[in-house]
Amino acid sequence: MIPVTKPFLPPKEEVIQYLDEIWERNWFTNDGPLVKMLEDKLRRYLELEHLLFVSNGTIALQIALKALKIEGEVITTPFSYVATTSSIVWENCTPVFVDIDPETWNIDPVLIEKSITKETTAILATHVFGNPCDVDAIQNIANSHGLKVIYDSAHAFGSTYKDKPIMTYGDINAISFHATKLYHTVEGGAIVTNSLQLAKRMMYMRNFGHDGPGRFNGIGINGKNSEVHAAVGLVNLNYANEVLTKRRDNYDRYKSNLQGEMLTFQKINDVGTSNHSYMPVLFQNEKALNEILTELNDNNIFPRRYFYPSLDELDYVESGKMKVSQDISSRILCLPTFHDLTINQIDFICSFFKK
Ligand SMILES: *Cc1c(COP(=O)(O)O)cnc(C)c1O
């Protein structure tokens, strides 16, 4: 069986070394030494100013919205995972969808301005499949209208824009370290910002607002993560370069195999790089997609229709029809890509496209 992705398995012995330390200390959570070490190492690895390890990528988005005091309307993309939209609604804001670029599949900056109203306070965009958004264009619009910018960087570990880490752009970035992501801590995520003031505010928010045992600095929630998750993260970080290289190799192999097969690939930002954490291909129509999908499934290969459906279809959001996003959603398929997928397996998967 070849699944769409497989969690990277850190060598057990290396994790156990950290577990022994944890048992020795009898300290499982609440800003422990491994959490601090992981934050420090991630910050250096990703070249970031401030990074807070949290329990998942969704709480990272929610804390980001809360910390920036976002209210009213938030301009966002319909082509993302449901958490991008649901966290906006969860924080009592109104998502306003702006359609995506038909080639990059990221929010189309040209369309953003038209959707800005007196109620708009922020833009929440996703770096889809690790492809950097046009962050300069988005920032310019935000600056001229006094809007905050939050990025859902759940896919973007290791992606860059103008030779800088993608997560240095925008007011706050939310990352996911879920087991299915390129770099993971089993469950987990992080909030990233260049602002010390925001970092401090979010540090309180992550821990119930606690400022000492009986004191509180504003409202908070439980967004903490544990020493055990940090242990897995520390070991996985040693393999992050390897995993990133393998994803790129997989992408190159697929791309050269599938060239000329009536498929379209994602257009990667000219001034950026993608981490190629996914292997999306776009079919000419949904029928062609379904034919290949059935054939692959019959051969125990399980790609995933992702993102599908387009988020403007959610019944708890009012929205006009996002034509481009719905069209791309109906024709897109993410092919298997993970650290130990072999070249033979890639060639085998591609052979079904050639028939
Ligand atoms: C995975 C993902 C999330 C949610 O992250 P969790 O850590 O699972 O909460 C949010 N947005 C996108 C685009 C994702 O892929």
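Numbers here are sequence positions counted from 1. Atoms within each ligand, like the ligands themselves, are counted from 1 in listed order.
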Select one of side chain, backbone, both or neither to describe which atoms of Glu187 lie under 4.0 Å from any atom of ligand 1, heavy atoms only.
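None of Glu187 does.
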Are [X] and [Y] within salt-bridge range, i.e. N to O under 4.0 Å?
| X | Y | result |
| --- | --- | --- |
| Arg25 | Glu21 | yes |
| Asp347 | Arg253 | yes |
| Lys323 | Asp99 | no |

Please list the nearest protein heavy atom to atom 15 (O) of ligand 1 with its residue and the distance rounded to 0.1 Å.
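Nearest neighbour among protein heavy atoms for atom 15 (O) of ligand 1, to 0.1 Å: His155 NE2, 2.9 Å.
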Which residue and heavy atom of the protein sit nearest atom 3 (C) of ligand 1, plus the separation
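Looking only at protein heavy atoms, the one closest to atom 3 (C) of ligand 1 is Tyr81 CD2, 3.8 Å.
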Side-chain contact test, heavy atoms from C-beta onward, threshold under 4.5 Å: evaluate it for Phe265 versus Val281 and give yes or no.
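Counting from C-beta outward, Phe265 and Val281 do come under 4.5 Å.
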Report yes if Gly57 has an N/O atom closer than 3.5 Å to an N/O atom of ligand 1; otherwise report no.
yes
Any N/O of Ser80 closer than 3.5 Å to an N/O of ligand 1?
no
Regarding Asn143 and Gln139, is there a side-chain donor-to-acceptor distance under 3.5 Å anywhere?
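Yes, because at least one side-chain N or O of Asn143 sits under 3.5 Å from a partner of the opposite role on Gln139.
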Which of the numbered atoms in ligand 1 are below 4.0 angstrom from a heavy atom of [X]?
| X | answer |
| --- | --- |
| Ala83 | 10 (C) |
| Lys181 | 1 (C), 2 (C), 14 (C), 15 (O) |
| Tyr306 | 15 (O) |

Check residues 34-41 and write down every donor-acceptor pair under 3.5 Å in which the side-chain atom is one partner and the other belongs to a residue at least two apart or another chain.
unit_1 : atom_1 : unit_2 : atom_2 : d
Lys36  : NZ     : Asp31  : O      : 3.3
Glu39  : OE2    : Phe53  : N      : 2.7
Glu39  : OE2    : Arg206 : NH1    : 2.8
Asp40  : OD1    : Arg43  : NH2    : 3.0
Asp40  : OD2    : Arg44  : NH2    : 2.7

Using 30° and 60° as the class limits, which term best fits the ring planes of Phe177 and Tyr183: parallel, tilted or perpendicular?
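Because their plane-to-plane angle is over 60°, the rings of Phe177 and Tyr183 count as perpendicular.
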Does Gly188 have a non-hydrogen atom less than 4.0 Å from ligand 1?
yes
Kindly identify the option in Thr126, Thr58, Asp152, Asn56 whose heavy atom sits closest to atom 10 (C) of ligand 1.
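Residue with the shortest heavy-atom distance to the ligand atom: Asp152.
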